[in-house]
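Everything below concerns the one structure shown next.
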Amino acid sequence: MPTYRDEVVVLRTHKLGEADRIVTMLSRRHGKLRAVAKGVRRTSSRFGARLEPFMVADVQLYQGRSLDIVQQAESLGTYGAEIAADYDRYTAASAMVETADRLNESETTPQQYLLLVGGLRALSRGEHASRAVLDSYLLRVMALSGWAPGLYECARCAAAGPHEWFVAQLGGMVCGSCAPAGSARVHPETGVQLRALIAGEWDVVDAATPASSGAASGLVAAYAQWHLERGIRSLSHVSTTQSPRPESSR
């Protein structure tokens, strides 16, 4: 069918001509989409505000030769204004949509779409610390993409844990026998925080000390960027008030 509908999260936009935009979207059923939204930069546009980054919409698209064309857009989640009004929320959301953009070059699953929508909703409502929402999203989306980190058993030899060494290249927490020289030693509280983030145990996450939260954030960022093979640019702008616990090296 030349025309189709789907639910989407707007990841980014680019100007096209004098009044149009190219909109990159993560959809629920059709993977990552790039489509032209004609006339959305005009003040008279009926749905320009619905196609801004971090917005969730029900869109109707026409299949074009190179780019699809947005014909209709109805708001499902207006998270953009609340996120853009707060620096921490904005930078965390930017890192989330950049990660989603990079992970889903050709296709996605409904679970990945719903995970991103849930994360943006939590940021817009200020339900938890922005960095914690980002860290939880990164761990979960990496797991959905086939890169689930080992956070209890040794990621290399499967020895029962918990363990105290973290090596992103080996897949997460590793035992003393598998940890190479220079491995980051993880405080037990940081390990608890990592497992709570991926499990969505928000009572544990919210009660964590600034030191364990900061240390966990550093390990999550290292793990995600290792598997994406290049840095997440937006992460350099994400601020945190937590001071990481000094970690020793092997």
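Bear in mind that the values here come from a model prediction, so they are computed numbers and not experimental data.
Ser213 and Gln193 make their closest contact through OG-NE2, 3.4 Å (heavy atoms, listed as atom of the first residue, atom of the second, distance). Thr3 and Gln71 make their closest contact through CG2-OE1, 3.5 Å (heavy atoms, listed as atom of the first residue, atom of the second, distance). Shown here for Leu76 and Ala57, the closest heavy-atom pair between the two residues is CD1-C, 3.7 Å. Summarising the geometry of Ala93 relative to Ile83, their closest heavy-atom pair is CB-CG2, 3.7 Å, with the distance given to 0.1 Å. Considering every non-hydrogen atom in both Trp202 and Ala132, the closest pair reads CH2-O, 3.7 Å. Across Tyr79 and Phe54, no two heavy atoms sit closer than the pair CB-O, 3.8 Å.
Atom OH in Tyr137 sits 8.0 Å away from atom CG in Leu120 (nearest 0.5 Å). The OG1 atom of Thr91 sits 11.5 Å away from atom CE of Met96, with the distance rounded to the nearest 0.5 Å. Of the inter-residue distances, the one linking His14 atom NE2 with Arg34 atom CZ reads 8.0 Å to the nearest 0.5 angstrom. Rounded to the nearest 0.5 angstrom, Asp101 CG and Lys32 NZ are separated by 4.0 Å. Atoms OG1 and CG, on Thr99 and Leu11 in that order, are 10.5 Å from each other to the nearest 0.5 Å. From Gln225, atom CD reaches atom CG of Leu138 across 9.0 Å, with rounding to the nearest 0.5 Å.
Atom OH of Tyr223 sits in a crowded spot, with more than 12 heavy atoms from other residues, nucleotides or ligands closer than 6.0 Å. Counting non-hydrogen atoms of neighbouring residues, nucleotides and ligands closer than 6.0 angstrom, the CZ atom of Arg156 reaches no more than 12 such neighbours.
Partners of Glu164 under the side-chain hydrogen bond (donor to acceptor under 3.5 Å, both in side chains) rule, at least two apart in sequence or in another chain, are Arg185. For Ala35, the side chain to side chain contact (heavy atoms under 4.5 Å, CB included) partners are Met25, Leu61, Asp68, Val70, not counting sequence neighbours.
The residues Arg21 and Glu52 are annotated as salt-bridged, a charged nitrogen and a carboxylate oxygen being separated by less than 4.0 angstrom. At a threshold of 4.0 Å, the pair Arg5-Asp58 counts as salt-bridged, since one of the basic side-chain nitrogens sits closer than that to a carboxylate oxygen.
Between Cys157 and Cys175 the shortest side-chain heavy-atom distance falls below 4.5 Å. At least one side-chain heavy atom of Tyr4 sits under 4.5 Å from a side-chain heavy atom of Leu33. Side-chain contact between Arg28 and Val9 is absent, with no heavy-atom pair separated by less than 4.5 Å. A 4.5 Å side-chain heavy-atom check between Val59 and Leu51 finds at least one atom pair inside the cut-off. Using a 4.5 Å heavy-atom cutoff, the side chains of Tyr62 and Val36 are not in contact. With a 4.5 Å cut-off on side-chain heavy atoms, Leu139 and Pro149 count as touching. Counting only heavy atoms from C-beta outward, the side chains of Asp206 and His128 approach each other to under 4.5 Å. Looking only at side-chain heavy atoms (C-beta outward), Cys178 and His163 stay at 4.5 Å or farther from each other.
Judged by distance alone, the side chain of Arg89 and the main-chain N or O of Leu123 form a donor-acceptor pair under 3.5 Å. For the pair Ser183 (side chain) and Pro180 (backbone), a donor-acceptor distance under 3.5 Å is present.
Side-chain N/O atoms of Ser27 and Asp6 include a donor and acceptor closer than 3.5 Å.
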One pair to check against side-chain contact (heavy atoms from CB on, under 4.5 Å): Val117 and Glu7. What are the steps and the verdict? CA-CA 10 Å; Val117 171; Glu7 298 175 14; over 6 Å; no

Apply side-chain contact (heavy atoms from CB on, under 4.5 Å) to the pair Arg131 and Asp88, showing each step before the final yes or no. CA-CA 8 Å; Arg131 186 60 193 253; Asp88 288 342; over 6 Å; no

